[in-house]
There are 2 protein chains.
Amino acid sequence: MADTDEGDPLALDNQLCFALYTASRALTGFYREILTDLGLTYPQYLVMLVLWERGTLPVKELGLSLSLDTGTLSPLLRRMEGAGLVTRTRGPEDERIVHVGVTEEGERLRERAEEIPHRVLCATDLPPEGVKDLRVLLDRLTRSVTGTEREPNHTDPGPGTRPGPKGG
Amino acid sequence: MADTDEGDPLALDNQLCFALYTASRALTGFYREILTDLGLTYPQYLVMLVLWERGTLPVKELGLSLSLDTGTLSPLLRRMEGAGLVTRTRGPEDERIVHVGVTEEGERLRERAEEIPHRVLCATDLPPEGVKDLRVLLDRLTRSVTGTEREPNHTDPGPGTRPGPKGG
DNA sequence: CGCAATAGTATTGTGTCCAACTTATTTTTT
DNA sequence: AAAAAATAAGTTGGACACAATACTATTGCG
């Protein structure tokens, strides 16, 4: 046994984080090949997904949907506007808010994007349950490490999780 | 039922990619809080994991272990060298190769890092089986989308058949 | 020697987080 | 109501990471 360092907690192969990190980059890379045809990057594609689904939104809302900072979205949306995919217009009511909407060109892109999920799903040789399980586990992981934890009904294992990581 | 757009293949909530993307960023963010104390970023931590485990390595080997480009590692290692964590020395035999090793300070850091996996594991409210399942599924996903797909000891598909990740 | 392959670096474009800043709105205070 | 303070939405810039490309230097081969 132990052809790898099963006992070493620092062994790379034992790290869930590394598997997640690698898988994320691998999948993003796979999308990159597909999305190049559409002139989109991966996060830009995610932005389009949200806009296609929910229509015109403030930058803030977009950020909440994608868990992305407005500081991340600002230049990204500027590039997408430059590419003619989205519009950015200051709201007449509240001039702080920038409403992001899909242009006609962006709308046309939707049809070409329809096939992408299927293509990706085929590329992953995971069975449907595997995909579902994976999503469930990932969502749970995300919730737990973001402090969005719902504490379902079991006793809190330890109050050491103070929300002030910077403080000390 | 379909209280959400279960049928819409472009719906964000149906995208495995988004769950993966979000989980990866969330976990990296969680590590960021922990690693700040050690003066490491997340990919730098991964580099240290490899070096702690395998000792001095050429940049190329490091890149293979982490699936990272040397173009990514170069500046990263330069910063780590500046921080006094690693050494970079051109091989006397082959002057093209830069051997990366851990300094004493980097070695001392290892002790402080020992507790990290446990801390992270506790933060994720996943059961041990969930963690294992997740890793298996992620690895499988990675293999499938990187073309590293498949059997190490099945019938050899023959030379020249594998297009490689770059495509051809 | 000439030439291809290899290892690493430099550069550019994009993305991500963070913090500082601007502008606009809301709330509080006078 | 006017001034001041607090809050909110975006933008900007810095630091780091990642990928892709071009480039340099070294090695190996004929």
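We use all heavy atoms of the structure for the numbers below, so side chains are in, but hydrogens, waters and symmetry mates are not. Protein chains get the first letters and strands the later ones, always in sequence-line order, with residue 1 at the start of each.
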**Report entry** Pairing of B:Glu95 and B:Arg90 as salt bridge, 4.0 angstrom limit
**Finding:**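 Salt bridge absent between B:Glu95 and B:Arg90.
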Query raised in the report: Are any of the side-chain nitrogens in B:Glu105 or B:Arg108 under 4.0 Å away from the carboxylate oxygens of its partner?
Result: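 No.
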From the options [options], select the nucleotide whose nearest atom is closest to the side chain of [X].
X: B:Pro43; options: D:dA19, D:dC18, D:dT11; result: D:dC18
X: B:Asp94; options: C:dA24, D:dA20, D:dT27; result: D:dT27
X: B:Arg78; options: C:dA10, D:dG10, C:dC17; result: C:dA10
X: B:Leu68; options: D:dC18, C:dG15, D:dA17; result: D:dC18
X: B:Arg96; options: D:dG10, C:dA5, C:dC18; result: C:dA5
X: B:Thr72; options: C:dG8, D:dC18, D:dT26; result: D:dC18
X: A:Glu95; options: D:dA19, C:dG8, C:dT25; result: C:dT25
X: A:Lys60; options: D:dA9, D:dC16, C:dG8; result: D:dA9
X: B:Pro58; options: C:dG8, D:dT26, D:dG10; result: C:dG8
X: B:Thr70; options: C:dT16, C:dG8, C:dA24; result: C:dG8

Please classify the nucleic acid contact of [X] as base, sugar-phosphate, or nothing, using heavy-atom distances under 4.0 Å.
X: A:Glu61; answer: nothing
X: B:Leu73; answer: nothing
X: B:Thr41; answer: sugar-phosphate
X: A:Ser74; answer: base
X: B:Pro75; answer: nothing

Euclidean distance, atom [atom1] of residue [X] to atom [atom2] of [N] [Å, nearest integer]:
X: A:Asp69; N: D:dA9; atom1: CG; atom2: C1'; result: 12 Å
X: A:Leu57; N: D:dA9; atom1: CG; atom2: C1'; result: 15 Å
X: B:Tyr31; N: C:dC17; atom1: OH; atom2: P; result: 17 Å
X: A:His99; N: D:dG10; atom1: NE2; atom2: C1'; result: 12 Å
X: A:Leu35; N: C:dG15; atom1: CG; atom2: C1'; result: 14 Å
X: A:Gln44; N: C:dG13; atom1: CD; atom2: P; result: 15 Å
X: A:Ile97; N: C:dT23; atom1: CD1; atom2: C1'; result: 13 Å
X: A:Arg32; N: D:dT21; atom1: CZ; atom2: C1'; result: 14 Å

Report task. Please figure out whether A:Ser67 or A:Gly91 has its closest DNA chain C nucleotide nearer the 5' end. Result ->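 Comparing both residues, the 5'-ward one is A:Ser67.
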[N] OP1/OP2 closer than 4.0 Å to side-chain N/O of [X]:
X: A:Arg88; N: D:dT11; value: yes
X: B:Tyr21; N: C:dT16; value: yes
X: B:Arg79; N: D:dA17; value: yes
X: B:Arg25; N: C:dC17; value: yes

Query raised in the report: Which residue, A:Gly71 or B:Gly71, contacts DNA chain D at a nucleotide closer to its 5' end, judged by nearest heavy atom?
Result: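 Counting from the 5' end, the first nearest nucleotide belongs to A:Gly71.
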Check: [Y] and [X] side chains under 4.5 Å, non-hydrogen atoms:
X: B:Leu68; Y: B:Leu62; result: no
X: A:Leu134; Y: B:Leu138; result: yes
X: A:Thr41; Y: A:Arg32; result: no

Query - Shortest non-hydrogen separation from A:Arg140 to B:Pro127 and the atoms involved - result: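 Where A:Arg140 meets B:Pro127 most closely, the heavy atoms are NH2-CD, 3.5 Å.
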Query raised in the report: Where does the angle between the aromatic ring planes of B:Tyr31 and B:Tyr45 fall among parallel (under 30°), tilted (30 to 60°) and perpendicular (over 60°)?
Result: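 If you compare the ring of B:Tyr31 with that of B:Tyr45, the planes turn out tilted.
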